[in-house]
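Note sheet for the following structure.
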Amino acid sequence: MQITGAQLFVKALQAEQVDTLFAYPGGQAIDLFDALYGAAVPKVILPRHEQGLVHAADGYARSTGKTGVCLVTSGPGATNLVTGIATANYDSVPLVCFTGQVPTGLIGNDSFQEVDIVGITRSITKYAVTVRSREELGSIIKKAFYIAATGKPGVVLVDIPKDIQKALGSDSYPDTVEIRGYRPKPSVHIGQLRKALELLNRSARPLFLVGGGVNIARAGREMTRLAELTGVPVVSTIMGKGAVPSGHRLYVGNIGIHGSFAANLAVSKCDLLFSIGTRFNDRITGRTEAFAREASIVHIDIDAASISRNISVDIPVVADAKSAISALLEKAEPLPTGEWLAQLERWKQQHPLRMKPSALSPQAILQAVNHCFEDAIIATDVGQNQLWATQFLALDEHRRLLTSGGLGTMGYGLPAAIEASLGNPRTDVLVITGDGGMQMNLQELATAVVYELPVIICIFNNSCLGNVRQWQEMFYQRRYSSTCLRYRKSCPVPCTAPGENCPEYTPDFIRLAESYGARGIRVTTPEDIEPALLVARNRKNGPTVIEFMIEREENVMPIVPAGNSLGDMILGEEDNVYGKKMDQPAGRE
């Protein structure tokens, strides 16, 4: 039977059991949308911007374990995906992104809304391809889903020219796929694993480092059992947080430039660092030559290219995290770690994660979230709000975190949470965001309203781009360059001491929420935190925006200044080094 390429596209999505498609129409994708018209599956969700759309597909994939799928038109529709593609690919999220394209005969002629989206995204996708003939459309789509979800998950982009969408061809869609040279699931090398266990058994101060790969593999329960069986303490990256419950007696904390004192010191003093599913990026290592310098290092990762790329390791193991942990569970034994655990506990008591008292602290807000929501998905934006969330949220298999780790994308939180709510309708979904990040994709508030999603959006409003402002305060002599969000043309320049004479904040988030049809609540006192969260939790037919008015100069502590080792932490205001200019900027957070 002969059908159009657009009809085969819909048949392929149904064969791949895609239940939800995030899509924004346009001229070069209109035939694909026409084929989707009236189809019961997949359900088409229309966000309000292509960047919000791809973050939405990302959040859907992370929260459900399925492959996220999105569809946009050519040109600006395709280029608007770029940030979201990089965000997902850095964090190993399985996405398949379809883009419309001008007809094959016009490619390369600078046609209207033509861009080489494959060339643009080749370095930030696992695979990107333009379909060149109607006959290969089915096999390319099949390969796209296979590549995205197997091995180290990632993003695949499929660019479909308009003439191929319209062309007639076979209605067959392949059941299987084979790609020569692609081994997506390497078996566990038992010999290497045996060496790792021998090293573990000989160590006096062993430490598990859990990365995002453990959460991607859905291996949290197995990892917790391994820690309990051996008695070995656990630290995590931000992306690995929650794999072992935050409140577990063996969990020490996050490591990295904003890691806890005890966790960072544990890495610096351990004699074996047994890492699973992390890339060892610069945000967790600090100065690499000083990282875990007293330790031998075992590194388990599904991606061979990630091993010894940033940190040289002693025993490499290329394996899926869940398979490796399961194999370790069969052979691991209890270890005499009591003295080491007692030392870690002393460090935790010596310098606990604790914010200075203030009128309305992020710590108090996040602890209220812990108290009010036992079963929840919490998406964060990027900046101070993200860092406080990773410090103070109690995470486990029931309270899960979605966040942009590798790319650090402002504007991620709201669209990711919206589609996590779509994919998990019986679970409370919250956003922790800042006043800067909220304005990156606030148009997606309309998506939450029209689909009647009870997302709770918690805005930490400190009137500035807080993370960069903190660096300016601590390392750039309070030269607050372009970080004040109250700034108006009439403000004095330079401004080093914001105060009560500052202009009104723009926008008014409460009125903005109400203009979209959402509920808006402003919280200014600690007594109002829980009541506001409970009002929002009980609202089931639409989103609620809660604006928390926090102090402008709240800082995230501890902090490891750029170029320092994890042991060189600034723990609080009393340790500060005001006026010392660092070589490395904070990033746009």
Side-chain angles (χ1 to χ4, degrees), residues 205 207 209 233-238 241 246-247 251-270 273 282-288 290-295 340-367 383-394 460 462 466-478 550-587 589:
R205 302 183 306 279
L207 187 68
L209 169 58
V234 179
V235 296
S236 72
T237 66
I238 284 177
K241 182 145 187 177
S246 301
Y251 182 71
V252 183
N254 300 342
I255 69 167
I257 67 168
H258 288 290
S260 71
F261 175 80
N264 279 352
L265 213 53
V267 171
S268 300
K269 298 299 181 182
C270 68
L273 186 63
D282 56 300
R283 298 283 283 188
I284 70 164
T285 63
R287 185 159 53 91
T288 53
F291 180 76
R293 58 186 163 193
E294 297 182 19
W340 174 227
L341 291 172
Q343 177 61 74
L344 295 176
E345 186 59 31
R346 285 193 293 272
W347 287 336
K348 289 173 77 171
Q349 296 301 321
Q350 185 180 350
H351 292 290
L353 284 173
R354 184 168 55 211
M355 298 188 71
K356 63 183 179 64
S358 62
L360 187 66
S361 77
Q363 181 178 358
I365 298 164
L366 293 163
Q367 287 174 340
Q384 286 181 314
N385 64 88
Q386 176 196 47
L387 301 170
W388 285 318
T390 58
Q391 287 183 335
F392 298 114
L393 284 176
F460 289 8
N462 57 5
N467 208 33
V468 182
R469 183 215 57 77
Q470 178 175 337
W471 279 65
Q472 290 170 341
E473 174 192 339
M474 296 180 67
F475 310 125
Y476 288 85
Q477 300 172 295
R478 298 181 184 265
I550 67 172
E551 290 186 7
R552 176 188 176 89
E553 298 197 351
E554 292 277 21
N555 287 336
V556 182
M557 293 293 182
I559 181 172
V560 176
N564 284 260
S565 69
L566 293 188
D568 297 325
M569 290 168 276
I570 299 172
L571 299 174
E573 306 296 335
E574 67 277 6
D575 301 318
N576 220 331
V577 286
Y578 289 101
K580 181 180 179 183
K581 184 175 180 179
M582 309 305 297
D583 294 329
Q584 180 177 324
E589 295 143 72

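For the pairing with Ser260, the side-chain contact (heavy atoms from CB on, under 4.5 Å) check across Ile255, Leu353, Asn254 returns one residue only, Leu353.
In this structure, the side chains of Met557 and Lys356 stay at 4.5 Å or more apart for every pair of heavy atoms. Using a 4.5 Å heavy-atom cutoff, the side chains of Tyr476 and Val468 are not in contact. You'll find the side chain of Asn564 stays beyond 4.5 Å of the side chain of Arg287, heavy atoms only. For the pair Arg346 and Gln343, the minimum side-chain heavy-atom distance is below 4.5 Å. When side chains are defined from C-beta on, Glu294 counts as touching Arg205, because their heavy atoms get closer than 4.5 Å. Two residues are said to be in side-chain contact when any heavy atoms from C-beta on lie closer than 4.5 Å; Ser246 and Leu393 fail this criterion. When side chains are defined from C-beta on, Pro362 counts as touching Ile550, because their heavy atoms get closer than 4.5 Å. A 4.5 Å side-chain heavy-atom check between Val235 and Leu207 finds at least one atom pair inside the cut-off.
Residues Val556 and His258 share a closest heavy-atom pair of CG1-ND1, 3.4 Å. Met569 approaches Leu265 most closely through the heavy-atom pair CE-N, 4.5 Å. The two residues Leu273 and Ala295 make their nearest non-hydrogen contact at N-CB, 4.0 Å. For the residue pair Arg469 and Gln384, the shortest heavy atom distance occurs at NH2-NE2, 4.2 Å. For the residue pair Lys348 and Val252, the shortest heavy atom distance occurs at CE-O, 4.1 Å. For the pair Ile559 and Phe475, the tightest heavy-atom approach, listed with the atom from each and the gap, is CD1-CE1, 4.1 Å.
Here the side chain of Ser361 pairs a donor or acceptor atom with the backbone of Ala364 at under 3.5 angstrom.
Glu553 contributes atom CD, which lies 5.5 Å from atom CZ of Arg478 (distance to the nearest 0.5 angstrom). How far CG of Leu360 is from CD1 of Ile365: 4.5 Å, rounded to the nearest 0.5 Å. Here the straight-line distance linking atom NE2 of His351 with atom CG of Leu571 works out to 5.0 Å at 0.5 Å rounding. Expressed to the nearest 0.5 Å, how far CD of Gln472 lies from CG of Asn467 amounts to 10.5 Å.
Aromatic ring centres of Phe392 and Trp388 lie farther apart than the 6.0 Å criterion allows.
Under the rule for a side-chain hydrogen bond (donor to acceptor under 3.5 Å, both in side chains), Asn264 has no partner lying at least two apart in sequence or in another chain.
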What verdict does the side chain to side chain contact (heavy atoms under 4.5 Å, CB included) test give for Ile238 and Leu387, after you've listed the backbone C-alpha separation in whole Å, the side-chain angles of each residue and the deciding distance to 0.1 Å? CA-CA 9 Å; Ile238 284 177; Leu387 301 170; 4.1 Å; yes
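Using the six-membered ring where Trp is involved, Trp340 and Trp347 have ring planes that are perpendicular, over 60° apart on the 30 and 60° scheme.
With a 6.0 Å radius and a threshold of 12 heavy atoms from other residues, nucleotides or ligands, Lys269 has its NZ atom at or below the threshold.
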